[in-house]
Visitor: 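Take a look at this one; I'll ask things after.
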Amino acid sequence: MGAESDVLKHFKLIVSGLIISLLIVSLDSTITTTAMPKIIANLGGLQYYVWPFTIYLTTVIISAMLSGKLSDFYGSKKILIGALIVFVTGSILCGFSHNMTELILFRALQGLGAGIIVTVPKKIIAEMIPPRQRGKYMGLFGVAGGISSVVGPTLGGFITDSLGWQWIFFINVPIGIIALSLIIPYLPEFEVIVKEKVMDYLGIITFTGALTSFLVALTFSQQNTIISSVLLDSLWIFSVIMLFGFIYAERKAKEPILPLYLFRNSVFTISTIATFLLGAITLAGTVYIPLFLQLVKGLSPSASGAYLTLLLFAMIITAILSGQIISKTGTYKKLAIISFAIGTVGMFLLSTLTQNTSNLELIIYEIIVGIGAGLAMPLFTVAIQNAVTKRDLGVVTSSTMYFRISWKCNWFSHSRSYCKHDIET
Amino acid sequence: MTLKLNLQNTTIHVSSSLLVTAIHNVFIIAVILNIIGLILCFFLKDLYMSNEMEEEEISYEDAPG
């Protein structure tokens, strides 16, 4: 009862704290991309260009996966505060890095905090408000990601040029403090439902082993000179063995980090696959539209970024709208069908792009893609949370995030291929 | 038109038509993924969302209509 009255009293402040927490993480990932060439120039180590991203996303995924169970065991508030402190500490250390090895290690620390920060606020929303109202806030959380995608690259460039690359990490400190100053006093600690704290260590080890060896192998396979093919094959095989080990561990664990019985719930299974597909579709749009504009139409990176802004704005507006519609109707299926139908049309139109496509046509196509992706953005997390018992809220929220983020790792592992290019006519 | 990519200190030339095809292929894959998502959504169970907080063990209620 106490927690409920605290929520009612300070609801806006709590939600602001959660949005700022999400903003700090999503902004960090977009800011860093722009600053990386300067960092490389300063610290040296072009051959390690991709590793700060890969390691960061690896630890993000691992901690996102664990965050559900950790918040079930120790309470969402404690875990979120701990994650913010870890993230801010990692940011300070990144700013003081003297070489690429240090930067990679400290990015790993940042990622451990970030994975929890992107997941736990969504669980907190589910703990605070009834299912029907959650869509509104999931939509707002999507806005944090959208804003950082729009503002991040420009801000990253500005900070790097005017203050130095270190400040793209130091800027996280004041923002983190603001988030903590809203969360610590106003967010109540909710009742911990899982009383028996049995950590699934075998699951954690096998999951970490599978993911890390897969991503290391994927990254090395793009760099094809650093390790032998025997070692590379061994990494692939080890990854598959660890994956089977993970499935075995989850079947046997008392408190699994990914309970396999959830896949018998059709809403969970379909929503998880849909989330995974959406991750890939969004990535295709946000990465390959600018690439097309730069490489085929000869636009500058900033001009292609400006075009992408329209897609992101369409996504932000429809994500908010989608949350409102879910709250009003109390259902989500029709909206899911509409979002994928619009996405299909938008992507089909993009597949017809040629060098002669007009700018207006391109803008219309990408807005259609943005509308499709935005409508679906808050939908599946809400659907999954609504379809499970309160006890499973943590693990379903974290697994949704895992399936959404996993695509980014695959992309970053070979993104270096696009770091230097120019057009010769 | 050709694209010159400078990767790890080695320069390769890629024809622009090949590049357009490669990017188009990504968009076509995205169309296929959208269609798979669309088909899956027809099988999505539309559980009605309540305005009440769920109990520890919730009972599922199908959406009207």
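Small disclaimer: the values here were computed from a predicted structure and weren't measured. The chains referred to below are lettered A, B, ... by the order of the sequence lines, with proteins before strands, and numbering in each begins at 1.
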Visitor: Which bit of A:F268 comes within less than 4.5 Å of chain B, counting heavy atoms only: side chain, backbone, both or neither?
Guide: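 No part of A:F268 comes within 4.5 Å of chain B.
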Visitor: So, taking the atom named CD1 in A:I325 and the one named OG1 in A:T318, what distance separates them when rounded to the nearest 0.5 Å?
Guide: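 With rounding to 0.5 Å, CD1 (A:I325) is 9.5 Å from OG1 (A:T318).
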Visitor: Can you tell me which portion of A:V345 sits under 4.5 Å from chain B's heavy atoms? Options are side chain, backbone, both or neither.
Guide: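 Answer is neither: A:V345 stays 4.5 Å or more from chain B.
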Visitor: Let me know if A:T329 has heavy atoms under 4.5 Å from chain B in its side chain, its backbone, both or neither.
Guide: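 For A:T329, the backbone is the part near chain B, not the side chain.
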Visitor: Between A:I338 and chain B, which part of the residue has a heavy atom less than 4.5 Å away: side chain, backbone, both or neither?
Guide: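 No part of it gets close to chain B.
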Visitor: Is B:I39 in contact with chain A via its backbone, its side chain, both, or neither, using a 4.5 Å heavy-atom distance?
Guide: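 Contact with chain A involves no heavy atom of B:I39 at all.
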Visitor: Between atom OH of A:Y137 and atom CD1 of A:I125, what is the distance when rounded to the nearest 0.5 Å?
Guide: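 A:Y137 atom OH to A:I125 atom CD1 measures 7.0 Å (nearest 0.5 Å).
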Visitor: Taking only Lys NZ, Arg NE, NH1 and NH2, and the carboxylate oxygens of Asp or Glu, determine whether A:K123 and A:D72 approach each other closer than 4.0 Å.
Guide: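 A salt bridge links A:K123 with A:D72.
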Visitor: Partners of A:T357 by side-chain contact (heavy atoms from CB on, under 4.5 Å), sequence neighbours excluded?
Guide: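 A:L353, A:T354, A:E361, A:Y365.
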Visitor: Can you label the angle between the A:F380 ring and the A:F340 ring as parallel, tilted or perpendicular, going by 30° and 60°?
Guide: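 Answer is tilted, since the angle falls between 30° and 60°.
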